[in-house]
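Report on the following structure.
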Protein chains: 2
Amino acid sequence: MSAHTDLTRNQSLVLDRLEKAETPMSAYAILDQLRDDGLRAPLQIYRALDKLLDMGLAHRLESINAFVACAHPHCHASGLIAFAICEKCGQVSEFSDEIVRDRLAGWADREGFVVNRTTMEIRGNCRACAA
Amino acid sequence: MSAHTDLTRNQSLVLDRLEKAETPMSAYAILDQLRDDGLRAPLQIYRALDKLLDMGLAHRLESINAFVACAHPHCHASGLIAFAICEKCGQVSEFSDEIVRDRLAGWADREGFVVNRTTMEIRGNCRACAA
DNA sequence: GCCGGAATGTTATAGCATTACATTGCCGTG
DNA sequence: CACGGCAATGTAATGCTATAACATTCCGGC
């Protein structure tokens with residue numbers, strides 16, 4: 001029941017699942033949970049996810065082939081978001097750092113590299129799981 | 001003909017291929033090139049890659065499911081390496097930044113997050129391809 | 001009403017990675 | 001030397017992730 005009225009049915013279903021999940025979900029895990037809603041093929045999930053990623057409402061975690069709802073869906077800001085993924089409990093923290101962003105932008109400038117997209121993922125154990 | 005005499009046959013074969021490649025290679029691409037050397041199964045490649053990653057002689061690019069030889073195999077240093085991947089020509093630049101490393105370490109400290117591994121990948125176009 | 005574009009549905013297939021099990025080779029100890 | 005253990009290897013089968021290709025439906029603007 002998210003208030004994303006501009007989304008299509010499939011996109012809403014997928015986003016709702018991601019928002020209710022406590023940990024990242026694979027596309028196939030999402031699909032399994034949406035079979036009762038009539039979804040049957042992976043492509044239906046991937047298409048919805050593509051749009052959600054474009055809109056910044058969800059993120060892809062490259063290092064674990066999974067997806068999460070954006071923790072800050074209001075501010076579409078942030079050209080660079082970092083994720084900390086706990087390998088024990090699966091919890092993901094989303095954060096950003098101006099200085100890191102500036103450093104990477106500086107490197108790209110010097111090298112003449114035109115940036116499309118940056119991924120930054122820290123894997124380890126969260127405070128609770130490290131104890 | 002790398003001077004990695006401590007490596008097993010399969011590991012040497014895989015590393016040689018990576019070192020000779022101009023762009024990242026998928027495990028299956030490596031396999032295809034090593035069939036003449038007697039390798040037949042993906043697992044043989046993945047096992048060799050696992051060891052090479054452990055030793056820091058190769059890196060995995062999570063965002064494109066591919067592997068590269070480490071550009072600086074001598075210094076095993078660097079807890080944090082960043083990659084810039086050109087989406088046009090496939091060239092990969094490997095670099096590191098002390099300040100970025102410190103910022104991320106600082107975040108982890110404050111959060112009590114124990115880091116195992118960090119991946120940082122910038123995708124875009126290199127100077128030549130952006131022109 | 002009609003057209004065009006986006007979203008959807010469906011099937012098949014491509015690409016990436018691991019499980020499970022059998023075998024081999026090597027080294028250190030007794 | 002025999003033996004035991006361990007790492008590496010070989011092989012087959014399977015599972016997971018993602019996309020291609022094509023047909024259909026939905027919906028808003030003219």
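These values consider heavy atoms only, across backbone and side chains, with no hydrogens, waters or symmetry-generated copies. On a predicted model such as this, the values are computed, not experimentally measured, just so you know. In what follows, chains carry the letters A, B, and so on, assigned in the order in which the sequence lines appear, proteins first and then strands, with residues in each chain numbered from 1.
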[X] [atom1] to [N] [atom2]: how many Å, rounded?
| X | N | atom1 | atom2 | result |
| --- | --- | --- | --- | --- |
| A/Y46 | D/dA21 | OH | C1' | 18 Å |
| B/L7 | D/dT9 | CG | P | 10 Å |
| B/D50 | C/dT18 | CG | P | 7 Å |
| A/Q11 | C/dA6 | CD | C1' | 10 Å |
| A/L43 | D/dT17 | CG | C1' | 13 Å |
| B/I64 | C/dG15 | CD1 | C1' | 14 Å |
| B/L34 | D/dT9 | CG | C1' | 15 Å |
| A/I30 | D/dC16 | CD1 | C1' | 14 Å |

Comparing B/R47 and A/Y28 on DNA chain D - which has the more 5′ nearest nucleotide: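 Of the two residues, B/R47 wins.
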What nucleotide among [options] has an atom nearest to a side-chain atom of [X]?
| X | options | result |
| --- | --- | --- |
| A/K51 | D/dA20, D/dA8, C/dA7 | C/dA7 |
| A/L39 | C/dG9, D/dT11, C/dT18 | C/dG9 |
| B/A41 | D/dT9, D/dT11, D/dT19 | D/dT11 |
| B/N10 | C/dT10, D/dG10, C/dG9 | D/dG10 |

Is the phosphate of [N] approached by [X] (side-chain N or O, under 4.0 Å from OP1 or OP2)?
| X | N | value |
| --- | --- | --- |
| A/R40 | C/dT10 | yes |
| A/Q44 | C/dT8 | no |
| A/S26 | D/dT17 | yes |

field: Closest-nucleotide ordering on DNA chain C, the 5'-leading residue of A/P42 and B/F67
entry: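 First, find each residue's nearest nucleotide; the 5'-ward one identifies A/P42.
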- prompt: When you measure from the side chain of B/E19 to the backbone N and O of B/D16, does any donor-acceptor pair fall under 3.5 Å?
  reply: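 No: the side chain of B/E19 does not pair with the backbone of B/D16.
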query: Side chain of B/Q33, backbone of B/I30: donor and acceptor closer than 3.5 Å?
result: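 No, the answer is negative, given that no donor and acceptor are paired below the 3.5 Å cut-off.
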- prompt: For the salt bridge (charged side-chain N to carboxylate O under 4.0 Å, His left out) test, which of B/R110, B/R101, B/R103 pairs with A/D97?
  reply: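 With A/D97 as partner, salt bridge (charged side-chain N to carboxylate O under 4.0 Å, His left out) holds for just one option, B/R103.
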- prompt: Does B/E94 have any salt bridge (charged side-chain N to carboxylate O under 4.0 Å, His left out) partners at least two apart in sequence or in another chain, and if so, which?
  reply: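 Residues passing salt bridge (charged side-chain N to carboxylate O under 4.0 Å, His left out) with B/E94: none at all.
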field: Steps toward side chain to side chain donor-acceptor pair (under 3.5 Å) verdict (A/T119, B/E121)
entry: CA-CA 5 Å; A/T119 71; B/E121 299 175 17; 4.7 Å; no
